[in-house]
Visitor: 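Attaching a single structure in structure tokens format; questions to follow.
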Amino acid sequence: MLPQRRGRAGVLPQLLCLGGLALVLSGCLAGCSASGVAKRDNRKTEPDLVLCYGEVNPEGHIMTDSAKFFADEVERLSEGRIVVEIYPSGQMGDDQQCYRAMQMGSLDLYRGNSASLAECGNPMISALALPYIFRDREHFWKVCESGLGQEILDDIEVSAKGMKGIAYLDEGARNFFTRERPVTRIEDMKDLKIRMQLSGLMEDTVAALGAKAVPIAYVELYTALQSGSVDGAENPPVSYFYNKFYEVAPYYVKDSHTYAPGVILISEITWDSLTEEEQQVILEAARLTQEYNREEIERADRQAYQALKEAGVEILELEDPEAWSAAVEPVYQKYGAQFLELIRQVREMR
């Protein structure tokens with residue numbers, strides 16, 4: 001039995017949760033039915049509402065843990081009337097597939113990424129995915145928790161059509177990792193084939209650094225690295241560790257080219273189907289999840305780096321960070337032209 005939404009007038013069609021999504025995501029049906037049903041079988045009573053939440057990362061990852069925290073808070077705040085079932089490891093597809101599914105109303109919730117959201121109407125949040133725009137984690141959260149950060153989050157509903165942003169999440173700074181040799185100078189990037197997410201902004205960032213961007217689905221990345229189809233990729237330390245990419249690409253350089261915020265997104269179709277009380281439950285759970293994530297990400301980063309060192313990964317630093325920042329100026333010209341004032345405010349925030 002597939003996860004389904006139970007409305008106040010009975011059970012809504014299963015299409016609303018996964019049936020329509022099957023048209024977009026071939027082959028995920030078996031995986032989807034397995035993980036959701038097992039959780040619900042342990043409950044003493046059936047909830048009024050069951051929502052589906054997609055996450056590309058595996059069990060144990062900070063993003064999946066944050067999703068589970070959100071689900072727990074929704075169930076607690078609604079006194080069991082609303083249940084959120086989590087589908088990790090890309091069971092629901094990649095970013096673009098899940099965005100389309102939410103716009104169709106066949107997926108309720110997803111942890112999106114500000115870089116890939118640039119492909120959905122170029123909302124303001126895409127400016128936060130520009131390379132080297134954040135100085136560090138403190139600067140990242142200063143922006144996200146400010147009035148400006150809320151304005152950027154609200155703009156998703158306006159510009160990305162069909163989705164509403166309800167909380168920021170910190171996945172960590174994204175860094176490059178490579179298979180065969182270390183990278184510490186910008187010259188080391190020349191002609192490397194680097195896997196990037198399906199985002200024009202990220203592809204152009206890699207090109208500006210002298211490498212060739214290769215768009216490959218995230219679920220295929222380990223095999224692509226193993227076979228040599230790509231020379232490297234980029235991920236925050238926690239994702240790099242939990243997806244075991246270090247096994248096939250053991251050189252990890254802390255360049256922090258992108259500190260793009262993750263975002264908990266909810267389908268507008270789902271949102272509009274909720275009562276005001278249910279909406280408040282979702283928003284409060286999202287707020288608490290943002291706080292949880294901020295506290296836990298630093299611990300997760302530390303543990304990931306320690307584990308990577310113990311696994312023999314060579315963790316590197318850039319020799320000339322200024323050269324990397326200067327090289328990506330064309331990316332700002334292409335993607336930041338309409339956000340010049342926003343970029344200024346972000347950079348000047350202290």
Side-chain angles (χ1 to χ4, degrees), residues 95-96 98-100 102-103 110-176 196-209 211 213 215 234 236 255-266 268 286 290 293-294 321-350:
D95 286 349
Q96 297 306 325
C98 287
Y99 296 154
R100 289 196 297 272
M102 281 193 293
Q103 289 166 338
Y110 182 66
R111 193 274 305 168
N113 179 278
S114 53
S116 57
L117 278 167
E119 308 298 309
C120 299
N122 198 29
M124 291 168 65
I125 197 169
S126 62
L128 302 187
L130 288 166
Y132 308 113
I133 192 170
F134 291 111
R135 295 183 296 276
D136 49 31
R137 172 164 284 139
E138 182 179 358
H139 182 205
F140 169 93
W141 279 112
K142 191 80 171 179
V143 171
C144 290
E145 294 184 335
S146 68
L148 178 63
Q150 186 61 51
E151 180 183 349
I152 293 169
L153 194 65
D154 292 343
D155 178 70
I156 293 174
E157 189 172 8
V158 176
S159 302
K161 303 300 180 187
M163 297 175 284
K164 177 181 178 65
I166 56 175
Y168 286 110
L169 296 178
D170 179 358
E171 191 178 1
R174 302 182 76 91
N175 302 300
F176 290 109
M196 299 300 294
Q197 58 187 291
L198 300 175
S199 161
L201 188 156
M202 298 303 291
E203 291 174 20
D204 286 348
T205 296
V206 167
L209 294 172
E234 49 89 62
D255 73 296
S256 301
H257 55 273
T258 308
Y259 219 129
V263 185
I264 299 179
L265 299 163
I266 186 167
E268 279 191 4
Q290 181 171 304
N293 170 259
R294 180 173 183 176
E322 290 75 17
W324 294 66
S325 297
V328 299
E329 185 58 33
V331 180
Y332 276 77
Q333 294 172 6
K334 181 175 180 178
Y335 294 94
Q338 71 183 87
F339 299 124
L340 294 179
E341 176 59 19
L342 172 62
I343 292 168
R344 182 193 67 78
Q345 291 181 62
V346 169
R347 284 177 160 171
E348 292 182 357
M349 193 167 290
R350 293 291 189 272

Visitor: For a 4.5 angstrom cut-off between non-hydrogen side-chain atoms, does L342 reach I152?
Guide: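 Side chain of L342 against side chain of I152, heavy atoms only: contact under 4.5 Å found.
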
Visitor: Indicate yes or no: at least one non-hydrogen side-chain atom of L148 is less than 4.5 angstrom from one of M349.
Guide: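 The answer is yes; the side chains approach within 4.5 Å.
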
Visitor: I'd like to know if the side chain of Y99 pairs up with that of S116 as donor and acceptor (distance under 3.5 Å, no hydrogens or angles considered).
Guide: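 There is such a pair between these side chains.
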
Visitor: Does any non-hydrogen side-chain atom of M163 lie less than 4.5 Å from one of C120?
Guide: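 Result yes, sub-4.5 Å side-chain heavy-atom pair found.
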
Visitor: Test side chain to side chain donor-acceptor pair (under 3.5 Å) on Y259 and D136 and set out the steps.
Guide: CA-CA 8 Å; Y259 219 129; D136 49 31; over 6 Å; no

Visitor: Looking only at atom types and distance, does a side-chain atom of S199 sit under 3.5 Å from a main-chain N or O of A115, one as donor and one as acceptor?
Guide: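 Present.
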
Visitor: Looking at every heavy atom in both V331 and D204, which two are closest together, and how far apart are they?
Guide: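 Of all heavy-atom pairs spanning V331 and D204, the closest is CG2-O, 3.7 Å.
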
Visitor: Strictly distance-based, threshold 3.5 Å: is any side-chain N or O of H257 a donor or acceptor partner for the main-chain N or O of V206?
Guide: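 Between the backbone of V206 and the side chain of H257 there is no qualifying donor-acceptor contact (under 3.5 Å).
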
Visitor: If only atom types and distance count, is the side chain of Y168 paired as donor or acceptor with the main-chain N or O of W141 below 3.5 Å?
Guide: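 Pair absent, no side-chain N/O of Y168 close to backbone of W141.
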
Visitor: Enter the distance from E322:CD to Y132:OH here, rounded to the nearest 0.5 Å.
Guide: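 Answer for the CD-OH pair, E322 versus Y132, is 11.0 Å.
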
Visitor: Would K164 and L265 satisfy side chain to side chain contact (heavy atoms under 4.5 Å, CB included), going step by step from the backbone distance to the final call?
Guide: CA-CA 5 Å; K164 177 181 178 65; L265 299 163; over 6 Å; no

Visitor: If you take all heavy atoms of G200 and E119, which pair is closest and at what distance?
Guide: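 So the minimum-distance heavy-atom pair works out to N-OE2, 2.8 Å.
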
Visitor: Mind checking the OG-CD1 spacing from S114 to I156? Nearest 0.5 Å is all I need.
Guide: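 If we round to the nearest 0.5 Å, S114:OG and I156:CD1 are 8.5 Å apart.
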
Visitor: Find out whether S159 and M124 are in side-chain contact, i.e. whether some heavy atom of one side chain is under 4.5 Å from a heavy atom of the other.
Guide: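 A side-chain contact under 4.5 Å is absent here.
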
Visitor: Are the side chain of T258 and the backbone N or O of A260 linked by a donor-acceptor pair below 3.5 Å?
Guide: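 Side chain of T258 to backbone of A260, a donor-acceptor pair under 3.5 Å: no, none is there.
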
Visitor: For a salt bridge (Lys or Arg N to Asp or Glu O under 4.0 Å) check, start with the C-alpha distance between E234 and R174, then their side-chain angles and the critical distance, and finish with the verdict.
Guide: CA-CA 6 Å; E234 49 89 62; R174 302 182 76 91; 2.8 Å; yes

Visitor: Is there a donor-acceptor pair closer than 3.5 Å between any side-chain N or O of N175 and the backbone N or O of S256?
Guide: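 Yes: the side chain of N175 pairs with the backbone of S256.
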
Visitor: Of the non-hydrogen atoms in H139 and V346, which two are nearest, and what is the gap between them?
Guide: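 So the two residues come closest at NE2-O, 2.7 Å.
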
Visitor: Below 4.5 Å, heavy atoms only, C-beta onward: do L169 and V263 meet side chain to side chain?
Guide: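 SC-SC contact between L169 and V263 ruled out.
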
Visitor: Is there a donor-acceptor contact under 3.5 Å from the side chain of R135 to the main chain of R347?
Guide: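 Yes, the answer is positive, given that a donor and an acceptor are paired below the 3.5 Å cut-off.
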
Visitor: Do you know which two heavy atoms are closest between F339 and Y335, and how far apart they sit?
Guide: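 Looking at all heavy atoms of both residues, the closest pair is CD1-O, 3.8 Å.
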
Visitor: Less than 4.5 Å apart, side chain to side chain, heavy atoms only: is that true for F140 and P261?
Guide: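 In contact.
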
Visitor: Going by heavy atoms in the side chains, are L130 and I343 under 4.5 Å from each other?
Guide: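 Side-chain contact under 4.5 Å: yes.
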
Visitor: Considering all heavy atoms of both residues, which atom of A327 and which atom of L209 are nearest to each other, and what is their separation?
Guide: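 Closest heavy-atom pair between A327 and L209: CB-CD2, 4.1 Å.
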
Visitor: Which atom pair, heavy atoms only, marks the closest approach of F134 to L128?
Guide: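 That closest heavy-atom pairing would be CE1-O, 3.5 Å.
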
Visitor: In the structure I gave you, are the side-chain heavy atoms of Y110 and D95 within less than 4.5 Å of one another anywhere?
Guide: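 Side-chain contact under 4.5 Å: yes.
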
Visitor: Any side-chain to backbone donor/acceptor pair from D255 onto F176? Under 3.5 Å, distance only.
Guide: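 Yes, D255 side chain to F176 backbone: donor-acceptor pair under 3.5 Å.
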
Visitor: Heavy-atom count around E138 CD within 6.0 Å, excluding the residue itself: above 12?
Guide: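 It does not: E138 CD has 12 such atoms or fewer within range.
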
Visitor: Distance from L201 atom CG to M196 atom CE, nearest 0.5 Å?
Guide: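 These two atoms lie 9.0 Å from each other.
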
Visitor: Keeping the roles fixed (side chain from Q103, backbone from K161), state whether a donor-acceptor pair exists under 3.5 Å.
Guide: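 Such a contact is found between Q103 side chain and K161 backbone.
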
Visitor: So among R294, R137, R111, which one has a salt bridge (Lys or Arg N to Asp or Glu O under 4.0 Å) with D170?
Guide: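 Between D170 and the candidates, salt bridge (Lys or Arg N to Asp or Glu O under 4.0 Å) is satisfied uniquely by R137.
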
